[in-house]
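For reference, the structure is listed below as structure tokens.
Reminder, nothing fancy here: chain letters follow the sequence lines and each chain counts from 1. Below, all heavy atoms of this structure are taken into account, side chains as well, without hydrogens, waters or symmetry copies. Quick caveat: nothing in here was measured; it's all calculated off a predicted structure.
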Amino acid sequence: MSLTRKHYPFPEFEPRWQKHWLETNAFRAANPGDPGFDPKAKKFYVLDMFPYPSGDGLHVGHVEGYTATDILARYHRLKGDNVLHPMGWDAFGLPAEQYAIKTGQHPRVTTQRNIDNFRTQLQSIGFSYDWSREISTTDPDYFRWTQWIFLQLYGAWVNPATNKAEPIATYKGNDPDSVRLAFVSEVPVNWCPGLGTVLANEEVVDGKSEVGGFSVERRPMRQWMLRITAYTERLIADLDGLDWPDSIKLLQRNWIGRSEGAEVHFGLEGFEETVTVFTTRPDTLFGATYLVLAPEHELVEKITAATRREAVEAYRKECNSKSDLERTDLAKTKSGVPLGISAINPVNGERIPVWIADYVLTGYGTGAIMAVPAHDERDHEFATAFNLPIREVVSPDEPQSEKDQGCFPGEGTAINSPAIEGLRTPEAKHKMIAWLEEKGVGRGTITYKLRDWLFSRQRYWGEPFPIVWENGAHRPLPENELPVEPPAMEDFKPTGTAEPPLSKATEWVRYSETARRELNTMPQWAGSCWYYLRFCDPKNSGRFIGKEAEQYWMGDAGKPGGVDLYVGGTEHAVLHLLYARFWHKVLFDLGHLTTPEPFQRLVNQGLILGDDGVKMSKSRGNVVNPDSVIAEYGADSLRLYEMFMGPLEHGKPWSMTGVEGVYRFLARVWRMAMNEDQEGNWILSGDLAEQELTNTQRRVVHATIKKVTEDIEALSFNTAISQMMIFTNEFTSAKPRPVEALRLFLPLLSPFAPHLVEELWMHLGRKFPGFEGLASQAKWPAWNEEYLVVDEISYAVQINGKVRGHLTAPASSDKESVEKAAFADPALAPHLEGKEVKKVIVVPGRLVNIVVAG
RNA sequence: GCCGGCGUGGCGGAAUUGGCAGACGCGCCGGACUCAAAAUCCGGUAUCCUCUAAAGAUGUGUCGGUUCGAGCCCGACCGCCGGUACCA
């Protein structure tokens, strides 16, 4: 294949057009106030998840999403919209630093090299980005504003009265540091010795680091945190107004993990203190037969009976030394020890034992539970293992199956519960909460799985915090000292201790005689939390985004989200997409943004698998390199194939013969306009003529315009391409071939195969009118419904739902005449003989169904 | 375990959202062109029965239901993929 000559000269014209588009700024988007800005044009902001420029280069998975957005961008431009379609680099982060440490090269050098490589690759696919807006998160002109946004978080709190972020000055309490949205906390963190840094919960998978797969342990450390938990309610509620896949919304809701329930205070025999537990089932309080605290619970030390001290200490130590991984592995077998004291159940005064067990987590709820083994599977398992009493207080509506005997976690009717006897579970919950609040022994409350966001890393290759420390207190740097650039360092390896690598830059650390710089850096997510804003106004040196640019590109009447279409992988469902929403809301509250959400419409592209049907990986050797596909079949074929494979959202396997299929299609399109002369040069085909379309041809052309237009809007690219193939099949044999067909067809194809269309447009323009300028800047054609109507319609004739014959009737026929025609068909006679016709159904334009009996 | 998604020819996938299942592409078979091949063009291609054709029967993971009519709606189940995991 690679040895034979190409079916059309893409190796010559694809790079030529890429260069031309670049040199003429063909895809520059105009901001309000810019020359050439058209205030009447609709804005369309279509965004890709910008890549991390890894050393491996571009993957066919990148190409899939980027082609989809490029088609939308090019389509909207042809429709006359003002399109913002930018690209940039998410270039801070662990892999660059790990690679730098391994090779001894500075991350700034390797990062720049990778960026250059990515840019070249993207340009070789013909994506219509506005390259004048290119940004990198590692550029000081960019991260200056990342640091500025951090200062906004630092200088703000969420006022419970308004449920909005406000400047910290409006806080009237005496400890502003306890309410700031960016705050310092001594917290048990995920420390990864292999990477020499802490990780967010989201970055730990199965007790190992998501990057590198090193083991992770828990240890308390002083860290910067962002108070994302102040936004839980709004992060859930505002999902409703977004055009996102339901599955992603659900993923975010589950991640935030809102549960309604109650806090209940249990007295402790012999102590002043009470233990507060959280439960979603206050209606089962009468069934609580013991209490369990997390091993790390702060009361344990104080309340443990002297006789139990040794055993309790041993158990706590054991839990502490277990890594997260072990705890996960051992999740199935319950362990725990009793503290040797009793708690008092506030609803009935009953004395119940208090245990510690590691199935109760310290970070969720209150770190203590009341155990109701009859109605909670975990409690049931624990009670069975340790022979604790089980008391049924909810009666199921239907008898339970054998295997569920003894534990019923569902809703039913309260029994053995004096205060709520006979009530249905929901009412029982309400009444119980009211009772608790009245007696002052508890209250209704809501808890969330979502924790505050651990925001500091002990690494070199990230944004330094704009913070200094003096006398043990932190304070922000003034805005005019931004950006805080990382020091130039030769040795930026982790120190091996919890001390960040920046500590080695002693000069830099020393801010003044008495003040020292913060040594942590921000996580990779920081830069990607707001890049979509910077694209609107990337060169602004006075503000993170100009007001007018923000209102134009990010504002839209009636919709909460600013970006019109955002395409990327599903792996960011709960990380980037939640973090970015949070920052956006803070900036919105503080009056810097006009809409409360960043991304209005979100689409997740599916995974492209290897031709063996499994995920592409180097070790499997099934990785497809986009560069080699371009070399063999051209960029247009690569684009078209990835769109033709199947629905954008689905995972699908790669097939090289499939690439050849679309390549052949493009060659057919080429030969509709071009012929090879005796010397082997491509010249305009002599079959082309200015000539009226036949009725059939006109119908195919307009059906294609309609289908392609509607399918692009629906992101159903594979079916749009089939329709274009149908068009080509109709016209390849047409001689003479009406030029009008190409005039209408080529703009439809140009978002998919822009190089080929640009080239044909140029050649046709040398002989025929209507091909002026660039195809990329032509006009999207409109279809005419009148041309789509057919004179005669074919009807299927069914008897009892089985097709027994066909008939054609004029399109204008009414039901009666179609029915009459059906009965006139002699082919039906044998099926109707001796039967009684019960009913006749005529579906206009489709079929006739005769229902018979006998 | 829980949550979500998906099961259609040899393969990737279509199907106006309840109306002729298999569009389009790949692959395969046959033909034209050619000394021959490649490329290109034309035709065929769900399965079974049949020399062939006509005709017929079967067919969208399985079983059942609703309906004149089900790939699509309802119930139960099976399989695959993704997420998540002691969250009280």
*Gap in Å between the two P atoms, one belonging to B:rU8 and one to B:rA57, rounded*: 26 Å
*Side-chain donor-acceptor pair under 3.5 Å between A:Thr447 and A:Tyr364, yes or no?*
yes
*asked:* What is the distance, to the nearest angstrom, from the NZ atom on A:Lys652 to the C1' atom on B:rC26?
replied: 17 Å
Return the polar atom pairs (N/O with N/O) between nucleotides 70-79 of chain B and the protein under 3.5 Å, or none.
none

*Write down the distance separating the P atoms in B:rA23 and B:rG10, rounded off to the nearest Å.*
14 Å
*Around A:Glu298, counting heavy atoms of other residues, nucleotides and ligands shown, do more than 12 lie under 6.0 Å from its CD?*
no
*To the nearest angstrom, how far is A:Asp711 atom CG from B:rA23 atom P?*
17 Å
*With rounding to whole Å, what would you report as the distance between B:rC11 and B:rG22 at their C1' atoms?*
13 Å
*Test for a donor-acceptor pair under 3.5 Å between the base of B:rC86 and the side chain of A:Lys334, counting only N and O atoms.*
yes
_Over 12 foreign heavy atoms within 6.0 Å of CD, A:Glu649_ = yes
*Separation of the C1' atoms in B:rC6 and B:rU52, to the nearest angstrom*: 42 Å
*For B:rA55, does OP1 or OP2 lie under 4.0 Å from any side-chain N or O of A:Arg804?*
no
*May I ask you to establish whether A:Lys334 and A:Tyr359 are in a cation-pi arrangement, using a distance under 6.0 Å from NZ or CZ to the six-membered ring centre and at most 45° from the ring axis?*
yes
*Do any side-chain nitrogens or oxygens of A:Arg664 fall under 4.0 Å of OP1 or OP2 in B:rA39?*
no
*Can you tell me the Watson-Crick or wobble partner of B:rG43, both distances under 3.5 angstrom?*
B:rC29
*Check the distance between B:rC86's P and A:Lys449's NZ and give it to me in whole angstrom.*
9 Å
_Identified pairing partner of B:rU66, criterion: Watson-Crick or G-U wobble below 3.5 Å_ = none
_pair A:Phe717-A:Thr67: side-chain heavy atoms closer than 4.5 Å_ = no
*Looking across every strand, which nucleic acid part, if any, lies under 4.0 Å from A:Asn718 by heavy atom: base, sugar-phosphate, or nothing?*
sugar-phosphate
_As a quick check of understanding, evaluate salt bridge (Lys or Arg N to Asp or Glu O under 4.0 Å) for A:Glu785 and A:Lys706, giving each step before the final call._
CA-CA 9 Å; A:Glu785 284 287 345; A:Lys706 180 178 180 172; 3.1 Å; yes
*Between B:rU50 and B:rC24, how far apart are the C1' atoms? Round to whole Å, please.*
31 Å
*Specify the separation, in whole Å, of atom CE of A:Met674 and atom C1' of B:rA39.*
19 Å
*Please determine if a side-chain N or O atom of A:Tyr359 lies less than 4.0 Å away from the OP1 or OP2 oxygen of B:rA88.*
no
*Spell out yes or no: do the side chain of A:His650 and the base of B:rC6 have one donor N/O and one acceptor N/O closer than 3.5 Å?*
no
*Under-4.0 Å side-chain N/O to phosphate OP1/OP2 contact, A:Ser733 with B:rC41*: no
*In whole angstrom, give the distance that lies between atom OH of A:Tyr663 and atom C1' of B:rA39.*
10 Å
*When you compare B:rG7 with B:rG61, how far apart are their C1' atoms, in angstrom units rounded to a whole number?*
6 Å
_Going by purine N1 to pyrimidine N3 plus the second Watson-Crick contact, or the G-U wobble pair, all under 3.5 Å, which nucleotide sits opposite B:rG56?_
B:rC48
*Given A:Lys707, which of A:Ile712, A:Leu748, A:Thr719 fulfils the side chain to side chain contact (heavy atoms under 4.5 Å, CB included) condition?*
A:Thr719
*Distance between the C1' atoms of B:rA14 and B:rA53, in whole angstroms?*
30 Å
*Given B:rG25, is OP1 or OP2 found less than 4.0 Å from the side-chain N or O atoms of A:Asn729?*
yes
*asked:* I'd like to know if A:Ser794 reaches the base of B:rC20 with its side chain such that a donor and an acceptor end up less than 3.5 angstrom apart.
replied: yes
_Tell me the interatomic distance from A:Leu607, atom CG, to B:rG5, atom C1', rounded to whole angstroms._
14 Å
*Look through every strand shown and name the nucleotide pairing with B:rG18 as Watson-Crick or G-U wobble, where both distances are under 3.5 Å.*
none
*Which part of the nucleic acid, if any, lies within contact of A:Gly661, taking any heavy atom under 4.0 Å across all strands shown: a base, the sugar-phosphate backbone alone, or nothing?*
sugar-phosphate
*asked:* Measuring only the C1' atom in each nucleotide, how far is B:rA70 from B:rU17? A whole number of Å is fine.
replied: 12 Å
*Using both distances under 3.5 Å as the test, list the Watson-Crick or G-U wobble partner of B:rA23, or none.*
none
*Would you kindly give the CG-to-C1' distance between A:Leu291 and B:rA88, to the nearest whole Å?*
12 Å
*Relative to the 5' end of RNA chain B, which residue comes earlier, A:Gly801 or A:Ser247, by the nucleotide with the nearest heavy atom?*
A:Ser247
*Could you walk me through whether A:Phe382 and A:Tyr290 pass ring pair (Phe, Tyr, Trp, His ring centres under 6.0 Å), step by step?*
CA-CA 11 Å; A:Phe382 191 83; A:Tyr290 60 102; 5.6 Å; yes
*Base, sugar-phosphate alone, or nothing: which one does A:Ile726 contact when heavy atoms must sit under 4.0 Å apart?*
sugar-phosphate
*Length of the line joining A:Arg253:CZ and B:rU84:C1', which is rounded to integer Å*: 17 Å
*Would you call A:Arg620-A:Asp611 a salt bridge at under 4.0 Å N-O?*
no
*At under 4.0 Å between heavy atoms, what does A:Ile841 touch on the DNA or RNA strands: base, sugar-phosphate, or nothing?*
base
_Is a donor from one side chain sitting under 3.5 angstrom from an acceptor on the other, for A:Ser813 and A:Tyr795?_
no
